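Quick notes on the structure that follows.
Quick caveat, the model's predicted, so the values are computed rather than measured.
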Amino acid sequence: ILSNITIDEKIVAQLAVLEYERPFKKSDTDLIALFANVVSLELQKNIFFQNVSGIGYEYFITDLLDGKIKNSRSIDERAKALSWHLKENFFVLTVTAEKHNLSNTPLIYLKNLAANLVSDSKAVLYYHHIVLVINTSRKEPFSEGSMNEFIEFLKANHLKCGISRCFHNLEDIREHYEQSAKAIELGIRMKRQD
């Protein structure tokens, strides 16, 4: 039985329970759901967990994508509060999958794998997409050799990806997110025409 553990409607973990000494009963499902809710409530109270697990970054990036933070002073203050030392170049990389491809692999797991493969990135789940914000001093989004690894990850998990052009101010993140999402659409159209 799988149950999501959420903070403010964002999945931060999954609880997995296996049958071992006896088959599952209906009451087990209810008990596991209750336990997951209790864990979720406790984690929401714990600021330390939010900072260690990267949830603070997720709130910040989601607020930027939603247009809730619009001025550079607020952006700088939030970044400093998170100890995010901003470098000069940003890229937005958006990863998406068809729903039937996600039946066996949770999106949160794929998000964490993607973030580990792309150095200098922060990853969030945003409207059923994985969005990576890459902040680097390099002129390209991937470090040497990591692009091939990332392409293999995409192929193995039947994912599609689009990337924005380089930009230099987090105030412009929404525009570049849309650019990366549009790149996916264009790639799909071009592939259909082949």
Please report the shortest heavy-atom distance between [X] and [Y], naming the atom on each side.
X      : Y      : value
Ser3   : Ala36  : OG-CB, 3.2 Å
Gly162 : Ala183 : CA-CB, 4.0 Å
Ser137 : Asn89  : O-ND2, 3.6 Å
Ala115 : Ala123 : CB-CB, 3.8 Å
Ile134 : Pro141 : CG2-O, 3.6 Å

Is there a donor-acceptor contact under 3.5 Å from the side chain of [X] to the main chain of [Y]?
X      : Y      : answer
Ser146 : Phe142 : no
Asp63  : Phe60  : no
Asn71  : Ser74  : yes
Gln179 : Arg165 : yes
His176 : Val92  : no
Tyr57  : Leu82  : yes
Arg174 : Gly67  : no
Thr62  : Tyr59  : no

Check this for me: [X], atom [atom1], are more than 12 non-hydrogen atoms of other residues, nucleotides or ligands nearer than 6.0 Å?
X      : atom1 : value
Phe24  : CZ    : yes
Arg73  : CZ    : no
Lys182 : NZ    : no

Check against side chain to side chain contact (heavy atoms under 4.5 Å, CB included), Thr136 and Phe90: CA-CA 6 Å; Thr136 181; Phe90 292 95; over 6 Å; no
Asp76 and Lys80 ion-paired at < 4.0 Å: no
Side-chain ion pair, Glu19 and Lys25, N-O less than 4.0 Å: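 Answer for the salt bridge query: no.
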Roughly how far apart are [X] [atom1] and [Y] [atom2], rounded to 0.5 Å?
X      : Y      : atom1 : atom2 : answer
Thr94  : Ile163 : OG1   : CD1   : 9.0 Å
Ile151 : Cys161 : CD1   : SG    : 8.5 Å
Asn37  : Ile32  : CG    : CD1   : 12.5 Å
Ser164 : Asp172 : OG    : CG    : 10.5 Å
Leu18  : Leu2   : CG    : CG    : 9.0 Å
Leu64  : Ile69  : CG    : CD1   : 4.5 Å

Is there a path of hydrophobic side-chain contacts, each under 4.5 Å between heavy atoms of I, L, V, M, F, W or Y residues, that connects [X] with [Y]?
X      : Y      : value
Val39  : Ile1   : yes
Ile188 : Met190 : no
Leu154 : Ile184 : no
Ile5   : Leu34  : no

Can you check whether [X] reaches [Y] side chain to side chain, under 4.5 Å on heavy atoms?
X      : Y      : value
Asn135 : Leu86  : yes
His129 : Lys111 : no
Trp84  : Val133 : yes
Phe35  : Leu15  : yes
Asp120 : Arg138 : yes
Thr96  : Leu159 : no
Ile75  : Glu171 : yes
Met147 : Leu117 : no

Close aromatic pair by centroid cut-off 6.0 Å: Phe167 and Phe91: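 For Phe167 and Phe91, the ring centres are not under 6.0 Å apart.
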Centroid-centroid distance, Phe153 to Phe150, less than 6.0 Å: yes
From CA spacing to verdict: side chain to side chain contact (heavy atoms under 4.5 Å, CB included), Leu110, Val95: CA-CA 10 Å; Leu110 294 173; Val95 178; over 6 Å; no
